Amino acid sequence: MRNPCLAGLALVVSLSLLLAACGSSSTTPVFEGHEAYFTANSYEGTESCLECHEGDATEVMASGHWNWEGTSTGLDGKETETHGKTDLINNFCIAIASNEGRCTQCHVGYGWVDDTFDFTDMTKVDCLVCHDTTGLYAKAKPNGGLPTTTTEDLQLVAQAVGSPRRNNCGFCHYKAGGGDNVKHGDLSTDMNDPLFASDVHMATLGLNFTCQRCHTVMDHKIAGMPVHSQDEGTVACTDCHSATVHADAGASAQYDSHAAKVACQTCHIPTFARVLPTKTLWDWSEAGMDVDPIPVDQYGKPLYDKMKGVFEWGKFVEPALRWYDGKWARLTVGDDDQRAGSLVTLGEPTATRMTPGAKIYPFKRMVGTQMRDKGNNTMLVPHLFGTAGGPTPYWGNWDWDAALVEGAAKAGQTYTGNFEWVDTEMFLTVNHEIAPKEDARTCSDCHGGGIDFTALGYSGDPIGGLKR
């Protein structure tokens, strides 16, 4: 039951959230009333928040950030089905099934350590991971996201809750895939305080946008999901910018004519991972060996990990260009179309040059080597972490066959008992690290040999002959 003494507090918080979503500063407000309340009362976990915020918890529980899945409007041929992080296969840590306790350290909840997690229990909602403004809050890796912050510090965090700041969003998004900037390549801890050359929108001495400035929030639903939960909203450059922005600024009208077929990001993100390197290759087939010392590359990044295998890293990575209209082909755990061939594509945009409304967008192409069932060509899910998914996780037993038996069982897959290593690729959208206009692609960066137009469905360079 709600505390009648705090009936007005939820309204104050809701108004503060709305104002914060429209603001541009990375310094967002602390919610009024909480300091006084949690000075007089002990913070007892989410139950304390629910004294006033049952409605907010209900909203969170209807969101993609809570469910990690939704109606998959962005998946070609699966638009009415339910998919998401819960069943997508990737070439980083591969899939969640049997590995929940480690993967869900970034879930906006507490205690999702196996497939029995109760998604209807609002006491499991983690309010503080998004609303901590002190920097004291931390979640542990092995226990499904339970906090490791001390009781004394949790009291201080509760007193100072406020609108999410960049580091709140970055708590998960910066370190997706297992480390800083590992996965997407355009989202790293550099975004907490980037230089203008790193990102013109988020630069502290530039526009100083919060994440919510573009990823708008309504009822705890956050715009921006490319594959599922698109009812939460999408993000587009034209949400703020005119479609004739170049002509309005006195630039060549040719730029705006290109915008009919070329996304803004394609020219304005000429490279990504410009400050911190990103992982570009992950080869699981070499895991399990004792290597000492661990070799590092020119960026100081490890090239090997016994738990994960061989890596490659890159800085100033040139994006792969593909046609994109918002639709994807993505491999999910329950797919019947089992993958054959020497290179398996786990995720790619489906559009071609002839797709109405499609534009050329930049992507990170991630390559890897992972397990496939030799008998039925199913891309397999290994049990990597913890004993909730079975007694023989790979990280500890170093037995791939046992790990695949358990992982496949938890994922509902058929494992014939014989696996092989296969090369994989997947494409990830690149939308951050918008460069200053002086650094944007010019005509000669694309035409005259700058990019491979045949890969985009042309017979050659559409204008040809332009010298770089």
Side-chain angles (χ1 to χ4, degrees), residues 63-70 74 83-97 99-109 112 126 129-130 138-142 144-145 164-192 194 199 202 211 214-215 222-229 235 272-273 275-282 284 301-302 305 307-309 311-315 317 319 328 330-331 346-347 362-368 370 381 384-385 424-433:
S63 73
H65 274 79
W66 173 259
N67 293 298
W68 279 12
E69 63 182 23
H83 296 287
K85 288 174 68 67
T86 52
D87 66 349
L88 291 173
I89 294 181
N90 61 58
N91 54 11
F92 291 87
C93 281
I94 302 180
I96 291 173
N99 302 306
E100 291 89 349
R102 185 64 178 264
C103 297
T104 60
Q105 63 184 290
C106 281
H107 185 236
V108 291
W112 182 2
D126 186 352
V129 72
C130 293
K139 290 161 75 81
K141 293 182 178 180
R165 306 182 182 195
R166 292 179 194 164
N167 61 307
N168 296 99
C169 303
F171 186 92
C172 292
H173 291 283
Y174 294 160
K175 298 184 179 181
D180 199 355
N181 210 34
V182 162
K183 192 170 186 179
H184 289 280
D186 63 340
L187 280 173
S188 70
T189 52
D190 177 59
M191 287 297 170
N192 282 333
D199 190 290
M202 299 184 75
C211 302
C214 296
H215 296 275
I222 303 172
M225 297 287 188
V227 173
H228 66 83
S229 305
V235 178
F272 60 92
V275 176
L276 297 177
T278 187
K279 194 169 288 185
T280 56
L281 176 146
W282 186 327
W284 281 96
K301 304 299 290 185
D305 186 314
M307 296 168 65
K308 300 178 179 181
F311 307 133
E312 289 182 7
W313 304 80
K315 283 186 70 175
V317 180
W328 291 84
R330 287 295 303 267
L331 181 63
L346 303 177
F363 296 86
K364 174 183 175 179
R365 179 177 179 262
M366 178 69 186
V367 298
Q370 59 201 92
V381 177
L384 299 172
F385 168 82
T424 61
E425 67 173 357
M426 62 181 292
F427 294 84
L428 300 97
T429 55
V430 176
N431 294 299
H432 306 89
E433 293 195 0

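Just so it is clear, the model here is predicted, and its values are computed rather than measured. Just the heavy atoms: all of them, side chains too, but no hydrogens, waters or symmetry mates, feed the values below.
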Under 4.5 Å between any side-chain heavy atoms of H184 and F272, yes or no? no
Between W282 and N91, what is the shortest heavy-atom contact and its length? CB-O, 3.9 Å
Can you sort out the partners of A223 under side chain to side chain contact (heavy atoms under 4.5 Å, CB included), two or more places apart, ordered by chain and number? T216, V235
Pairs where residues 167-178 contributes a residue and the test side chain to side chain donor-acceptor pair (under 3.5 Å) is met, not counting sequence neighbours: Y174-N192
W328: which residues meet the side chain to side chain donor-acceptor pair (under 3.5 Å) condition with it, sequence neighbours left out? Y324
Where C211 and R166 come nearest, the two heavy atoms and their spacing: SG-CA, 4.2 Å
For residues K364 and V317, determine if any side-chain heavy atom of one lies less than 4.5 Å from a side-chain heavy atom of the other. no
Run K183 and L428 through side chain to side chain contact (heavy atoms under 4.5 Å, CB included) and show every step you take. CA-CA 9 Å; K183 192 170 186 179; L428 300 97; 3.9 Å; yes
Decide yes or no on side chain to side chain contact (heavy atoms under 4.5 Å, CB included) for F311 and K301, but give the supporting numbers first. CA-CA 9 Å; F311 307 133; K301 304 299 290 185; over 6 Å; no
Heavy-atom closest contact (R365 atom, V367 atom, distance): NH1-CG1, 3.2 Å
I94 vs Q370, test: side chain to side chain contact (heavy atoms under 4.5 Å, CB included). Steps then yes/no. CA-CA 8 Å; I94 302 180; Q370 59 201 92; 4.1 Å; yes
Partner residues of F171 under the side chain to side chain contact (heavy atoms under 4.5 Å, CB included) criterion, sequence neighbours left out: V129, K139
Tell me, please, which residues at least two apart from I96 pass side chain to side chain contact (heavy atoms under 4.5 Å, CB included). W68, K85, E100, C103
Within the 4.5 Å heavy-atom criterion, are S63 and I222 side-chain neighbours or not? no
For E312, check side chain to side chain contact (heavy atoms under 4.5 Å, CB included) against everything at least two apart and list the hits. T280, L281
